[in-house]
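Shown next, in structure tokens, is the structure this report addresses.
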There are 2 protein chains.
Amino acid sequence: MKATIYDIAKKAGVSTATVSRALGEERERVKPKTREKILKVCKDLNYQPNRIAKNLAKKSTGAIGLVLPEIQGDFYTEIIRGVDEIAYSGNYNLIVSSSHSRRNIVESILGFMRESMVDGVILMIPSMNRQIEEILSKFLTPIVIISDIEGLGEYDKVSIDNYQGAYSMTEYLIKSLKHKKIAAICGPRDNQDATMRKKGYVAALKKYKIPIRKEWIIESDFTIEGGEIASSRLLSLSEKPDVIFAANDNMAAGCYKTAEALGYKAPEDIGIVGFDHIAFGAFLKPKLTTVHVQVPEIGRVATNLLLDRLKDSGSNKKASPKNIKISTGIIIGDSVLKAK
Amino acid sequence: MKATIYDIAKKAGVSTATVSRALGEERERVKPKTREKILKVCKDLNYQPNRIAKNLAKKSTGAIGLVLPEIQGDFYTEIIRGVDEIAYSGNYNLIVSSSHSRRNIVESILGFMRESMVDGVILMIPSMNRQIEEILSKFLTPIVIISDIEGLGEYDKVSIDNYQGAYSMTEYLIKSLKHKKIAAICGPRDNQDATMRKKGYVAALKKYKIPIRKEWIIESDFTIEGGEIASSRLLSLSEKPDVIFAANDNMAAGCYKTAEALGYKAPEDIGIVGFDHIAFGAFLKPKLTTVHVQVPEIGRVATNLLLDRLKDSGSNKKASPKNIKISTGIIIGDSVLKAK
DNA sequence: CCCTATAATGTAACCGCTTACATTTCAAAT
DNA sequence: ATTTGAAATGTAAGCGGTTACATTATAGGG
């Protein structure tokens, strides 16, 4: 049988209160000699405090939940890593939940919230809907949202600066590389990151007075295959673009595949640029030019926001929601040349 | 204030026992009419059972822990996905912990065990040491180990069939492709997966009576850079191999880099094969021939073992430890040709 | 209408820890 | 020696559920 605090108290000849204090934050309030005796008994009996009982008494779980839309590929591991790092140093455990074949986002959220599994949750969602909003408003668990969705003023929010990233890349293509025929493969319409990236692209074209051609803006799905399909459509147009700006690196990889299949050589025949700067981009040949996103930083920032929130969840004066954008940069590879 | 079971009981005019029954597994034992009334009150008060209290009363946490050596790249997300899937359908939450700059494996394990955070843990470790063994033996939390380490008879274990995978690949190179000059870039000496892969390679050579050359067996570290260094050493030997068998795809990618840098063309000048079949392998040019490992399956199998263990952790007759090997296959790419 | 078996519900102890409040200890001050 | 106040420790009531056991309601048989 596992030893409990009573066993320790008995064997050490003190009360449970003293044991609890000797082991906890009030360490200092028990006489050194007593404490030593208690610690020795703990070691002898191999005592492991029961975390659950502690949590019940303290009314907290000591865990935070991370809800991801899916979990596949570098992007998500890097988010997890960032969150885990901060959670760990804040003494919280991390529970990860993501959609998969048998569970959708809503169930993930409910799993955490409905059963008060966690003290707070970090919610990464591509888009908001009525149902999710309703669920969130129903619970009082602190929430940090990772998403580029506008509105949602009542929540702490961290997002990639998608707009700026896409704008900068497009501007780079136009200003530095003198390109004008720039097509875009966008992400899903209902994905906010995708939407903002598209907006950035469009805004940059407008700024430099380059007409926007509908047939050069294709909606896709952020997958490699989606990139293949979209790019093959672009490359079969009578008037082809010189550069394809894929809204993420996966789709850029798809463009490489198609280009090769159709006998185009990057960057000479067609320029390709991406967004995200995930690890395997470096292995594409030629090396991919892409928008750099500090992915683990997203996780870190979100977690810090959440921990702050948890810290003063006791005090009644709620700090007003924060909204942090993670800035981006441009990684210059060899996948696009200066326009002739 | 959050509603508790007492609030519900009071408002519904029944006892807490009845509420508990109406909501739990003994649903059937309360009269339908009563149950309905209770459910209505729950909805009205937006009642969320407190999971912690439940756990304390039931003496379980409803969570399993997954300890990873690190969390970077596809390999680990796929493991997580497999584990998560099964954990979810078994109604367990998943807590992930991995080493990083501020925490090592031992701390990860202790975090779970010392504070009884989880009902069971899945432990993925590249190698065993005295300290870890000691910790594990000290706790009675059920454990499943993902590792190819021999011994450890007392634990459930799942491993990639590294030996067979490496053997098959080597045999394929010898028998089907008629190669004889096959070098190997191995993983770290203290990594059991690496060790078993090397053994499989050596065994196949022996089987086909091909002399083993020490200078063609290089120890490296499973990273891309390691693969670069190792392969540049191989390619600078006076007598060069025809094929390099890298013990993982990362190192194979390193070989590609080196080959290119030194002016060798794969597969004509040098054949390259890998191990793992991680996603980006498909993007190497030429397409990588490699050993396929069913990574999510590892997670699934491990979790099933753990859940089984948890299920009959009540019964005293402990089932004897299981040891499952996940079989591998060969993915034929274009990175190695038939010997001339 | 009573008896009895079974279904439905209630009572209260318990899970193992924390902590407000009460009590005791002890050293310094008088 | 007595007083006093801080330090050390103890007592016991929670935290919010579950569940063994006790009690009450209900229905069918005599």
Side-chain angles (χ1 to χ4, degrees), chain A residues 1-39 41-42 45-63 91 114-119 140-141 314, chain B residues 1-39 41-42 45-62 91 114-119 140-141 313-314:
Chain A
M1 200 48 214
K2 262 187 174 175
T4 73
I5 202 169
Y6 287 96
D7 303 327
I8 305 300
K10 202 164 163 192
K11 190 151 185 197
V14 297
S15 73
T16 61
T18 306
V19 176
S20 177
R21 287 197 272 260
L23 266 38
E25 289 157 13
E26 300 193 325
R27 207 178 294 277
E28 297 312 322
R29 276 182 44 192
V30 3
K31 212 200 303 184
K33 234 181 181 163
T34 319
R35 197 192 322 159
E36 268 170 43
K37 188 168 40 171
I38 292 173
L39 290 180
V41 176
C42 287
L45 298 190
N46 189 25
Y47 170 65
Q48 317 299 334
N50 181 322
R51 178 66 168 255
I52 309 177
K54 175 177 178 172
N55 288 343
L56 179 58
K58 287 215 159 182
K59 292 195 177 204
S60 86
T61 71
N91 250 307
R114 188 164 44 203
E115 299 247 321
S116 338
M117 267 306 301
V118 297
D119 294 344
L140 18 72
T141 314
Chain B
M1 201 45 215
K2 262 189 174 174
T4 73
I5 201 168
Y6 289 96
D7 303 326
I8 306 299
K10 202 165 163 191
K11 190 152 183 196
V14 297
S15 72
T16 61
T18 306
V19 176
S20 177
R21 288 191 193 106
L23 267 38
E25 291 156 14
E26 302 194 324
R27 206 179 297 277
E28 298 311 322
R29 276 182 44 192
V30 3
K31 213 200 299 183
K33 235 181 181 165
T34 319
R35 197 191 323 159
E36 267 170 42
K37 187 167 45 170
I38 292 173
L39 289 180
V41 175
C42 286
L45 298 190
N46 189 25
Y47 170 64
Q48 318 299 334
N50 182 322
R51 177 68 169 255
I52 309 177
K54 177 176 177 173
N55 289 343
L56 179 57
K58 288 214 160 182
K59 291 193 178 207
S60 85
T61 70
N91 250 307
R114 187 164 44 201
E115 298 246 321
S116 336
M117 267 307 300
V118 297
D119 294 344
L140 18 74
T141 314
S313 72

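Below, chain A is the first sequence line, B the second, and so on; all start at residue 1. For the numbers below, each heavy atom of this structure counts, side chains included, while hydrogens, waters and symmetry mates do not.
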From CA spacing to verdict: side-chain contact (heavy atoms from CB on, under 4.5 Å), Val14(A), Val19(A): CA-CA 7 Å; Val14(A) 297; Val19(A) 176; 3.7 Å; yes
field: Pairwise side-chain contact, Ile8(A) with Thr16(A), heavy-atom cut-off 4.5 Å (strictly under)
entry: no
- request: Rounded to the nearest angstrom, tell me the gap between atom CZ in Arg21(B) and atom P in dG17(D).
  value: 15 Å
- line: Rounded to the nearest 0.5 angstrom, the CG-NZ distance for Leu56(A) and Lys54(B) is 14.0 Å
- prompt: Do Arg51(B) and dG16(D) have a side chain to base donor-acceptor pair shorter than 3.5 Å?
  reply: no
- line: Those residues at least two apart in sequence (or on a different chain) that pass side-chain contact (heavy atoms from CB on, under 4.5 Å) with Ala22(A) are Val30(A), Arg35(A), Ile38(A)
Atom-pair distance (NZ on Lys31(B); P on dA25(D)), nearest Å: 11 Å
query: Out of dC17(C), dC21(D), dG17(D), which has the shortest distance to the side chain of Tyr6(B)?
result: dG17(D)
task: Among the candidates dG17(D), dC15(D), dC17(C), find the nucleotide nearest to the side-chain atoms of Lys54(B).
output: dG17(D)
Derivation and outcome, side-chain contact (heavy atoms from CB on, under 4.5 Å), residues Lys2(B) and Leu140(A): CA-CA 9 Å; Lys2(B) 262 189 174 174; Leu140(A) 18 72; 3.7 Å; yes
Position toward the 5' end of DNA chain C (nearest nucleotide), Thr34(B) or Ala53(B): Thr34(B)
- request: Mind checking the CD-OG1 spacing from Glu36(A) to Thr34(A)? Nearest 0.5 Å is all I need.
  value: 9.0 Å
message: Give the residues of residues 12-20 of chain A touching DNA chain D, defined as any heavy atom closer than 4.0 Å, sorted by residue number.
response: Gly13(A), Val14(A), Ser15(A), Thr16(A), Ala17(A), Thr18(A)
- request: Find out whether Ile52(B) and Thr61(A) are in side-chain contact, i.e. whether some heavy atom of one side chain is under 4.5 Å from a heavy atom of the other.
  value: yes
- prompt: Which pair of heavy atoms, one from Asp119(A) and one from Gly62(A), lies closest together, and at what distance?
  reply: OD2-N, 3.0 Å
field: Whole-Å gap separating P (dT19(D)) and CD (Glu26(B))
entry: 7 Å
- prompt: Any side-chain N or O of Lys59(A) less than 4.0 Å from the OP1 or OP2 oxygen of dG16(D)?
  reply: yes
query: Quantified as the angle between the terminal helix axes (five pairs each), what is the overall bend of the helix from dC1(C)-dG30(D) to dT30(C)-dA1(D) to 10 degrees?
result: 50°
task: Mind calculating the distance between CG (Asn50(B)) and P (dG16(C)) to the nearest angstrom?
output: 17 Å
task: Report the distance from atom CD1 of Ile5(B) to atom P of dG10(C), rounded to the nearest whole Å.
output: 12 Å
task: Could you state the atom-to-atom distance from NZ of Lys58(B) to C1' of dT19(D) in whole Å?
output: 10 Å
query: Side chains of Ile5(B) and Tyr47(B): does their closest heavy-atom pair fall under 4.5 Å?
result: yes
task: To the nearest Å, give me how far apart CG (Asn55(A)) and P (dG16(C)) are.
output: 15 Å
task: Please state how far atom CD1 in Ile38(A) lies from atom C1' in dG10(D), giving the value in whole angstrom units.
output: 12 Å
